[in-house]
Participant: 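I have a structure here, written as structure tokens, and I will follow up with some questions on it.
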Amino acid sequence: MTDFTLADLERIVEARAAADPSESWTAKLVAAGQPRAAKKLGEEAVETVIAAIENDRAALTGEAADLLYHLMVVLKIGGIRLQDVLGELERRTGQSGIAEKASRKS
Ligand SMILES: N=c1c2ncn([C@@H]3O[C@H](COP(=O)(O)OP(=O)(O)OP(=O)(O)O)[C@@H](O)[C@H]3O)c2ncn1[C@@H]1O[C@H](COP(=O)(O)O)[C@@H](O)[C@H]1O
């Protein structure tokens, strides 16, 4: 078990975004801009999908970590706080995903 949370990761990303890009992957991605960071997020998503389909637990754990980290960077560049995303998830807790999907089909 670990006490590490996504809020901790958000704080790290926030702090490292202002670092020297030659010393920080976070700062490098932020300096490169959203298209580059979002593309990297997409790559990590595909690698996560492959690990999941191959039922490779170690790879899935590692790729999921890469995915969450790159998502935090993309959110940072987009000016979206983790709390905003959690708030959206909380808003959805009152309804099942099936019911929500059905409500969009009219
Ligand atoms: N969690 C991460 C994290 N996960 C992945 N990465 C980096 O993301 C980069 C891309 O990962 P890839 O697996 O795609 O590796 P790659 O060598 O670029 O592969 P290719 O795309 O070239 O095939 C690598 O440089 C990884 O080190 C991360 N970089 C930083 N963090 C966190 O951010 C903190 C600050 O890091 P810096 O900003 O680099 O100081 C770190 O202490 C961590 O807590």
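Quantities reported herein were computed from a predicted structural model and do not represent experimental measurements. Counting starts at 1 for both ligands and their atoms, following the listed order.
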Participant: What do you think, any protein heavy atom under 4.0 angstrom from atom 39 (O) of ligand 1?
Facilitator: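 It does: a protein heavy atom is found less than 4.0 Å away from atom 39 (O) of ligand 1.
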Participant: Is there a side-chain contact between Ile53 and Ile50 (heavy atoms, below 4.5 Å)?
Facilitator: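 With C-beta onward as the side chain, the pair stays apart.
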Participant: Is Thr26 touching ligand 1 with its side chain, its backbone, both, or neither, if touching means heavy atoms under 4.0 Å apart?
Facilitator: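 For Thr26, the contact with ligand 1 is made by both the backbone and the side chain.
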Participant: Atoms of ligand 1 less than 4.0 Å from Asp66 heavy atoms?
Facilitator: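 Those of ligand 1 that fall under 4.0 Å from Asp66 are 4 (N), 5 (C), 13 (O).
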Participant: Got a salt bridge between Lys76 and Glu14, using NZ or NE/NH1/NH2 to carboxylate O under 4.0 Å?
Facilitator: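 Between Glu14 and Lys76 there is a salt bridge, with a charged N closer than 4.0 Å to a carboxylate O.
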Participant: Please walk me through it: do Tyr69 and Leu41 pass side-chain contact (heavy atoms from CB on, under 4.5 Å)?
Facilitator: CA-CA 9 Å; Tyr69 161 75; Leu41 176 64; over 6 Å; no
Participant: Hey, are the side chains of Leu71 and Leu75 touching, using non-hydrogen atoms and a 4.5 Å cut-off?
Facilitator: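 Yes. Closest side-chain heavy atoms under 4.5 Å.
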Participant: I need the nearest protein heavy-atom contact for atom 35 (C) of ligand 1: residue, atom name and distance, please.
Facilitator: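 Of every protein heavy atom, Arg16 CG, 3.6 Å lies nearest to atom 35 (C) of ligand 1.
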Participant: Can you name the nearest heavy-atom pair linking Arg16 to Ala27, along with the distance?
Facilitator: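 Reported closest heavy-atom pair: O-CB, 3.4 Å.
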Participant: Closer than 4.0 Å and a protein heavy atom, does any atom meet both conditions relative to atom 6 (N) of ligand 1?
Facilitator: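 Flag for atom 6 (N) of ligand 1 set to true, protein heavy atom closer than 4.0 Å.
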Participant: Using heavy-atom distances, let me know which of Ser24, Ala17, Pro21, Ala19 sits nearest atom 37 (P) of ligand 1.
Facilitator: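 Closest candidate by heavy-atom distance is Ser24.
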Participant: Can you tell whether the side chains of Asp8 and Arg11 come within less than 4.0 Å, N to carboxylate O?
Facilitator: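 Yes.
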Participant: Inspect the surroundings of CD1 in Ile98 and state if more than 12 heavy atoms from other residues, nucleotides or ligands are less than 6.0 Å away.
Facilitator: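 Atom CD1 in Ile98 is not crowded, with 12 or fewer foreign heavy atoms closer than 6.0 Å.
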Participant: Does the protein place a non-hydrogen atom closer than 4.0 angstrom to atom 17 (O) of ligand 1?
Facilitator: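 False for atom 17 (O) of ligand 1.
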Participant: Counting only heavy atoms, tell me which of Phe4, Trp25, Tyr69 gets closest to atom 25 (O) of ligand 1.
Facilitator: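 The residue whose heavy atom sits nearest atom 25 (O) of ligand 1 is Trp25.
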Participant: Under 4.0 Å from atom 43 (C) of ligand 1, do we find at least one protein heavy atom?
Facilitator: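 False for atom 43 (C) of ligand 1.
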Participant: Check each atom of ligand 1 against the heavy atoms of Lys40 and keep those under 4.0 Å away; list them by number with element.
Facilitator: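 So the answer, numbered in order with elements, is 10 (C), 14 (O), 18 (O), 20 (P), 21 (O).
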Participant: Are side-chain heavy atoms of Trp25 and Val30 found at a separation under 4.5 Å?
Facilitator: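 When only atoms from C-beta onward are counted, Val30 and Trp25 do not touch, as no gap falls below 4.5 Å.
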Participant: Are any of the side-chain heavy atoms of Leu60 and Arg57 separated by less than 4.5 Å?
Facilitator: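 They are not in side-chain contact.
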Participant: Return the residue, atom name and 0.1 Å-rounded distance of the protein heavy atom closest to atom 41 (C) of ligand 1.
Facilitator: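 The answer is Ile12 CG2, 4.6 Å.
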Participant: In the protein, what heavy atom is nearest to atom 11 (O) of ligand 1, and what distance, to one decimal place, separates them?
Facilitator: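 In this structure, atom 11 (O) of ligand 1 has Glu44 OE2, 3.8 Å as its nearest protein heavy atom.
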Participant: Could you list which atoms of ligand 1 come closer than 4.0 Å to a heavy atom of His70?
Facilitator: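 Those atoms are 8 (O).
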Participant: Considering all protein heavy atoms, does one lie under 4.0 Å from atom 13 (O) of ligand 1?
Facilitator: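 Yes, at least one protein heavy atom sits under 4.0 Å from atom 13 (O) of ligand 1.
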